[in-house]
Amino acid sequence: MEKSKLIKLAIALGIPMIIALMPATVFPFDISVVEQRIVAIFAFAALMWILEPIPIWTTSVSIIVLMLLTTSTSMFKPLCYVLTPDGKIPTEVDPTFGKIIPYKDIMATFADPIIMLFMGGFVLAIIASKYKLDAGIAKAILKPFGTKSPMVLLGFIVVTAICSMFMSNTATSAMMLTILSPVLATLPTSGKGRIALALSIPVAANVGGIGTPIGTPPNAVAMKFLNDPEGLNLEISFGEWMLYMVPLALIILFIAWVILQKMFPFTQKTIEIHIEDGFQLKDTKSWIVLITFIVTILLWVTEKLTGINSNVVALIPLGVFAVTGIFSKDDLKKIDWDVLWLVAGGFAIGVGLEKTGLAEHLVQAIPFGSWPTMLIIIGSGLLCCVMSTFMSNSATAALLIPILLAVGKSILPLLEPYGGISTLLIGLALSASFAMALPISTPPNALAYAKGFIKQKDMAMVGIVVGVIAIALAYVELIIFKGL
């Protein structure tokens, strides 16, 4: 391992160890042993996700394992005891030990219904790529935009955004950049239009992802806590999310289209696009793929009418494709398991904060009730955006949403005029997606930057301008429409 990574790892392990072993009197509120361990694990997660000495999904796995061994009903037995002041282990568990988490609750985070929803989205994306349905959709949607340069730019934005609503924005960006690469090669190197086209892919992928609950992991994290039957139980459906978020995404994308043209004007008036391969209805399996896609999306947007939960709907394509041989064991390996583990780790942190009572104690220790409500709402969103600029937006959402959930519950009456707790949590999720100023901010940014057509300063300029406008519009919509 590189020296820099070893230093980062030492920091990420050392500080949580100090937190776990320091006297409870150091904390500004009464804290039990289990709660102190959760604080240490939270610090471990934050440092590991920020410094990234190891892949971020492995940190999530570590979180779950650490919680099982140190804070659950199946913890390592010697850790059940608290040392007395004289250093001896008492014969009974000390009453200050705290609430222990049922181990099944921690393990269930990886089988959470939201994880199943995401898995269904991944299955659809894999099959779309396998049968070239994604390319077929791109070809069909791009065609009406014609060959005029500004309209071609708009076409790439629209196609990327629509695909990102139902596919991984990383997979969408990779596909669209593949289509775009030969187009960029035909444009004059002296013109700035090629920069506009290259930047349109990550911007549209990041913004388009807000359109559905499966578009990006932060959406799923927010939905998990908003719809938890044992928590807020707001019953926000797939269709309701789209009803509010798709128009918002379209407005932001239109503004981004105008900004890209102003910053990077085209010198070439027309652009020709050729997409040779596409989806074809040539056999029974291709028909099954098309019908299953249509039925799945219809069931998602009509959840309130059919009564079938969107998380359940997500498993329908997996069942149909597996039974018909369309989805094979090799395809199973292509599922983004790292993303699922990452999200599960965030859910585990939420379980730890809630079940041990730490969230309640944290909120009681900080006088949020005396703070201006708008400061809490907007400030948390800006903090999330800044953090997401430098680290994974999924990890940022996983860290902040459980904390702000506890804060929101404590000031619920103050939040009601602004849309309640859904404004707070959804605002965080959207802010995470709008952090796109650097190549490291999101995978679509990294993929676009790697192509070599974009300079970092251009990405930063567009990312900051579009991001600030997007966050402002998002909070205006959430506050006007009282959340979702």
Side-chain angles (χ1 to χ4, degrees), residues 12-13 16-17 19-21 24 30-49 54-83 89-119 217 220-221 223-225 227-233 311 337-362 394-395 397-399 401-403 405-406 409:
L13 292 174
M17 284 291 290
I19 293 172
L21 297 174
D30 291 335
I31 189 170
S32 68
V33 173
V34 174
E35 289 173 1
Q36 188 170 342
R37 290 175 185 173
I38 291 294
V39 173
I41 291 172
F42 185 90
F44 167 78
L47 289 167
M48 292 292 275
W49 278 335
I54 59 175
I56 56 176
W57 71 270
T58 58
T59 297
S60 285
V61 177
S62 303
I63 291 166
I64 294 173
V65 173
L66 284 171
M67 287 181 64
L68 287 168
L69 293 178
T70 63
T71 66
S72 79
T73 52
S74 186
M75 74 171 72
F76 183 49
K77 199 167 183 179
L79 295 179
C80 291
Y81 299 99
V82 183
L83 290 175
I89 297 177
T91 56
E92 296 180 359
V93 176
D94 192 295
T96 61
F97 191 72
K99 297 177 183 177
I100 302 174
I101 309 167
Y103 78 92
K104 289 184 179 180
D105 288 355
I106 299 173
M107 297 185 80
T109 54
F110 190 73
D112 189 272
I114 291 294
I115 298 289
M116 298 301 107
L117 177 65
F118 243 76
M119 187 182 294
V221 176
M223 282 283 280
K224 151 71 179 175
F225 291 107
N227 286 349
D228 187 355
E230 297 180 5
L232 298 173
N233 197 25
N311 305 321
W337 296 105
D338 56 336
V339 174
L340 298 182
W341 275 113
L342 175 59
V343 174
F347 291 169
I349 288 175
V351 168
L353 290 170
E354 184 70 26
K355 296 288 184 180
T356 63
L358 176 60
E360 184 180 349
H361 288 158
L362 283 172
S394 306
L399 279 173
I401 287 179
I403 293 290
L405 171 66
K409 286 180 177 178

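Position 1 is the first residue of the sequence, and the numbers go up from there.
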Check your understanding: Between the side chain of Arg37 and the main-chain N/O of Thr71, is any donor-acceptor distance below 3.5 Å?
Key -> no
Check your understanding: For Ala397 and Val221, which heavy atoms make the closest approach, and how far apart are they?
Key -> O-CG1, 4.1 Å
Practice item. Would you sort out whether Ile31 and His361 count as a side-chain contact (heavy atoms from CB on, under 4.5 Å), showing the intermediate values? Key: CA-CA 8 Å; Ile31 189 170; His361 288 158; 6.0 Å; no
Exercise for review: Please assess Val33 against Leu79 for the test side-chain contact (heavy atoms from CB on, under 4.5 Å), listing each intermediate value before the final yes or no.
Suggested key: CA-CA 10 Å; Val33 173; Leu79 295 179; over 6 Å; no
Review point. What heavy-atom pair brings Ile19 and Ala43 nearest, and what distance separates the two atoms?
Key: CD1-CB, 3.6 Å
Check your understanding: Does some side-chain heavy atom of Lys409 sit less than 4.5 Å from a side-chain heavy atom of Leu232?
Key -> yes
Practice item. Could you grab the distance from atom CD1 of Ile56 to atom CH2 of Trp49, nearest 0.5 Å is fine? Key: 8.0 Å
**Study point:** Spacing of Leu353 atom CG and Glu35 atom CD [to the nearest 0.5 Å]
**Key:** 10.0 Å
Review point. In Å, rounded to the nearest 0.5 Å, how long is the span from CE of Met67 to OG1 of Thr356?
Key: 8.0 Å
Check your understanding: So with a 6.0 Å cut-off around CE of Met107, is the heavy-atom count from everything else above 12?
Key -> no
**Study point:** Nearest non-hydrogen partners of Phe44 and Ala12, listed with the distance
**Key:** CD1-O, 3.6 Å
Check your understanding: Going through the checks in order, is the side-chain contact (heavy atoms from CB on, under 4.5 Å) test met by Ile101 and Thr73?
Key -> CA-CA 6 Å; Ile101 309 167; Thr73 52; over 6 Å; no
Review point. Do Ile63 and Phe42 come close enough that some side-chain heavy atom pair is under 4.5 Å?
Key: no
Exercise for review: Using a 4.5 Å cut-off on heavy atoms from C-beta on, say whether the side chain of Pro402 contacts that of Phe225.
Suggested key: yes
Check your understanding: Quick one: CD1 on Ile64 to CG on Leu69, what's the gap to the nearest 0.5 Å?
Key -> 12.0 Å
Study note, to complete from the structure: Nearest heavy-atom approach of Gly352 to Ile38 is CA-CD1, 3.9 Å
Check: residues 337-350 side-chain donor-acceptor pairs under 3.5 Å, at least two apart:
unit_1	atom_1	unit_2	atom_2	d
Trp337	NE1	Leu332	O	3.2

Point to revise | Full working for side-chain contact (heavy atoms from CB on, under 4.5 Å) between Met48 and Ile54 | key: CA-CA 7 Å; Met48 292 292 275; Ile54 59 175; 3.2 Å; yes
Check your understanding: Quick one: are Val34 and Leu358 in side-chain contact, heavy atoms under 4.5 Å?
Key -> no
**Study point:** Nearest-0.5 Å distance that lies between atom CZ in Phe76 and atom OG1 in Thr70
**Key:** 12.0 Å
Practice item. Count the heavy atoms belonging to other residues, nucleotides or ligands that lie under 6.0 Å from OH of Tyr103, then report whether that count exceeds 12. Key: no
**Study point:** Nearest-0.5 Å distance that lies between atom CG in Asn311 and atom CD1 in Ile115
**Key:** 10.5 Å
Review point. What residue pairs, at least two apart or across chains, pass salt bridge (charged side-chain N to carboxylate O under 4.0 Å, His left out) with a residue in residues 103-113?
Key: Asp105-Lys355, Asp112-Lys224
